[in-house]
Structure formats: structure tokens, C-alpha cells
*Asks:* 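Below is one structure. I have some questions about it.
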Amino acid sequence: MIELFSVTKRYPGGQVGLDEVTLKIEAGQMVFLTGPSGAGKSTFLKLIYCEEVPSSGSILVNGRNVSSLPRRKVPYLRRTIGVVFQSFRLIPRKTVFENICYLPRILGLSGQEQRQLAYETLRRVGLAHRMKAFPLQLSGGEQQRVAIARALMNQPEILLADEPTGNLDPELSEEILRLFLEINGQGTTVIFATHDRDLIQRVGRRVLTLEGGQLASDKVLPGKLVDTSDDDSEKSAGVE
Ligand SMILES: Nc1ncnc2c1ncn2[C@@H]1O[C@H](COP(=O)(O)OP(=O)(O)OP(=O)(O)O)[C@@H](O)[C@H]1O
Ligand SMILES: [Mg+2]
């Protein structure tokens with residue numbers, strides 16, 4: 001569970017990233033975070049994975065106050081949180097396998113264990129057959145799947161995505177969105193930040209809208225998109 005209590009983030013230059021935001025996201029929820037450019041979406045996510053610290057207020061992740069977490073404890077928190085970005089952030093000279101096994105914790109596993117975990121994780125994102133490919137040999141949608149696999153390697157309880165479809169065309173965006181719905185259907189809490197209202201409107205989920213750092217609305221939208229790939233994810237994508 002993620003809880004924010006009157007969270008404000010003011011950057012050193014005086015810009016307001018987030019302004020008195022209070023809300024709660026239950027474990028296992030899928031939530032969209034939207035709003036215009038500069039509304040505070042990335043700030044919201046950065047505060048949760050401790051890339052930034054709030055100026056005031058507090059943030060609890062699974063009951064633990066992360067707003068005052070000492071820097072040395074941040075890596076432990078990050079083991080429970082996966083993050084995916086618009087720009088994939090893959091290392092071009094490393095294979096898919098090497099890219100997703102790059103986390104220090106994963107590197108502590110034996111070679112056999114790493115291969116097993118990588119294979120299973122890539123299978124979840126539909127890319128088990130591309131383990132030895134290099135990022136530039138993959139399409140944009142496939143590269144994003146690798147980035148999602150990398151975020152899943154730690155088996156995180158929470159998956160944060162900052163404009164994960166920002167570099168993809170509408171068809172690929174929907175495919176990636178379906179993948180997030182599937183991952184959520186398997187129990188992971190997902191926060192998906194996007195300014196793409198069209199994409200959101202196809203899914204019946206909770207939508208948090210930020211404007212000028214404030215929470216302008218928090219509602220559950222009815223939507224039509226259902227995952228037809230299997231019964232479980234169809235249920236998870238239905239209207240709540
Ligand atoms: N590192 C920073 N230093 C100073 N100001 C910042 C910093 N990061 C963000 N801001 C400011 O905080 C506000 C919120 O920015 P944020 O990046 O969270 O918005 P966003 O909703 O993610 O926008 P976008 O859709 O363009 O990604 C903006 O006014 C921005 O200029
Ligand atoms: Mg942003």
C-alpha cells in the first residue's frame with residue numbers, strides 16, 4: 001500500500017512539483033496518473049522510489065515511511081519497486097539477457113539461476129526467444145518489453161511506469177498497456193503515468209489527475225479494453 005499525507009515537493013529553484021497531495025493506493029491496484037506537462041507526474045513517481053525527497057508531508061510504502069529514509073536504505077526499498085521509463089534506458093552494447101541481469105542483487109545469483117530467472121521473466125513479457133539479441137535489433141515495443149522485464153527481475157510488489165508508451169505508436173502503446181494490465185492481474189501494484197487520455201479512456205481504472213502539482217481529481221473511469229489473451233487477465237482488465 002502507498003499512502004501520501006499532505007505531500008509537497010518544492011524544487012530548489014522554487015518550482016512546485018507536488019502541492020499538498022493526500023491519497024492512498026491499495027496493494028494490487030492499477031492506477032493511472034495523468035495531467036498536462038509539468039503537472040507533477042514524474043515528481044509523484046520519483047518521490048515514491050526515493051529519487052526525490054518531499055519538502056513536507058510523508059509517504060508510506062507498505063507502512064514504511066520512505067520520506068525520511070536514510071540514503072543507504074534506498075537500495076533496499078528499490079528492491080520492492082520496479083521502474084519503467086519512456087526512453088527504455090537499455091545498454092546498447094549489452095544483450096537482452098545482460099541488460100536484465102544487470103541489477104547487483106541478480107548478479108549475486110549463480111549463472112544457472114540468472115538464466116532461469118531471465119528466461120521466466122522474458123517469457124512474461126513475450127520475449128523469451130530474444131534473450132541474445134542486442135537492443136537495437138529490437139523494435140521500440142520490444143525494447144520497452146525488455147525494460148519492463150528488467151523492472152520485474154526483482155519480483156517487485158510495485159511497478160511504476162513514467163510515460164512508458166511515450167515513444168510508441170498507438171497500436172504498440174495499447175500492447176504495452178495490456179502487458180501492464182496482465183502484470184497487475186498477477187498481483188503487482190501498478191502506477192502508470194501518461195498524458196495520453198485516449199489510452200486511459202479505453203481502460204476502466206482509477207485515474208488520478210494532477211494539475212499544477214495538485215490532485216485535481218481522483219475517479220474510476222468505466223472503460224472497454226479487456227485483455228482477451230486469457231481468462232485471468234480478462235477479469236483483471238474489467239470495470240471495477
Ligand atoms: N529537477 C527539477 N528541478 C527543478 N524543477 C523541476 C525539476 N523536476 C521537475 N521540476 C518542475 O516541477 C514541475 C513538475 O514537473 P514533473 O516533471 O513532475 O511534471 P510531469 O507531469 O512529469 O511533466 P511531463 O508530462 O512533461 O513529463 C514542473 O514545473 C517542473 O518544471
Ligand atoms: Mg514527466
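When reading the values below, keep in mind they use all heavy atoms of this one structure, side chains included, and skip hydrogens, waters and symmetry mates. Counting starts at 1 for both ligands and their atoms, following the listed order.
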*Asks:* Dump the intermediate steps for side chain to side chain contact (heavy atoms under 4.5 Å, CB included) on I176 and R145, then the final yes or no.
*Replies:* CA-CA 8 Å; I176 292 294; R145 285 172 189 272; 4.0 Å; yes
*Asks:* Determine yes or no for a side-chain-to-main-chain donor-acceptor pair under 3.5 angstrom, with E163 supplying the side chain and T194 the backbone.
*Replies:* no
*Asks:* Quick one: does R197's side chain get under 4.5 Å of T34's, heavy atoms only?
*Replies:* yes
*Asks:* Considering only heavy atoms from C-beta outward, does the side chain of L221 approach that of Q201 to under 4.5 Å?
*Replies:* yes
*Asks:* Within the protein, is there a heavy atom lying under 4.0 Å from atom 14 (C) of ligand 1?
*Replies:* yes
*Asks:* In ligand 1, which numbered atoms sit nearer than 4.0 Å to a non-hydrogen atom of P36?
*Replies:* 21 (O)
*Asks:* Would you say A39 touches ligand 1, if touching means a heavy atom closer than 4.0 Å?
*Replies:* yes
*Asks:* Give yes if a backbone or side-chain nitrogen or oxygen of S42 is under 3.5 Å from a nitrogen or oxygen of ligand 1, and no if not.
*Replies:* yes
*Asks:* With no hydrogens and no angle check, do the side chains of Q116 and E120 hold a donor and an acceptor under 3.5 Å apart?
*Replies:* yes
*Asks:* Within the structure provided, determine whether V53 and L47 are in side-chain contact (heavy-atom separation under 4.5 Å).
*Replies:* no
*Asks:* Counting heavy atoms only, name the option from G213, G212, G38 that's nearest to atom 23 (O) of ligand 1.
*Replies:* G38
*Asks:* Any nitrogen or oxygen of E52, side chain or backbone, less than 3.5 Å from one on ligand 1?
*Replies:* no
*Asks:* Pull out every atom of ligand 1 sitting under 4.0 Å from any heavy atom of V16, numbered as shown with elements.
*Replies:* 12 (O), 13 (C)
*Asks:* Between ligand 1 and P12, is the shortest N or O to N or O distance under 3.5 Å?
*Replies:* no
*Asks:* Is there an N/O/S atom in S42 at a distance below 2.8 Å from the Mg ion (ligand 2)?
*Replies:* yes
*Asks:* Does K46 make a cation-pi contact with F44, if we ask for NZ or CZ under 6.0 Å from the ring centre and within 45° of the axis?
*Replies:* no
*Asks:* Give yes if a backbone or side-chain nitrogen or oxygen of T43 is under 3.5 Å from a nitrogen or oxygen of ligand 1, and no if not.
*Replies:* yes
*Asks:* Does only the side chain of Q15 get under 4.0 Å from ligand 1, or the backbone, or both, or neither? Count heavy atoms.
*Replies:* side chain
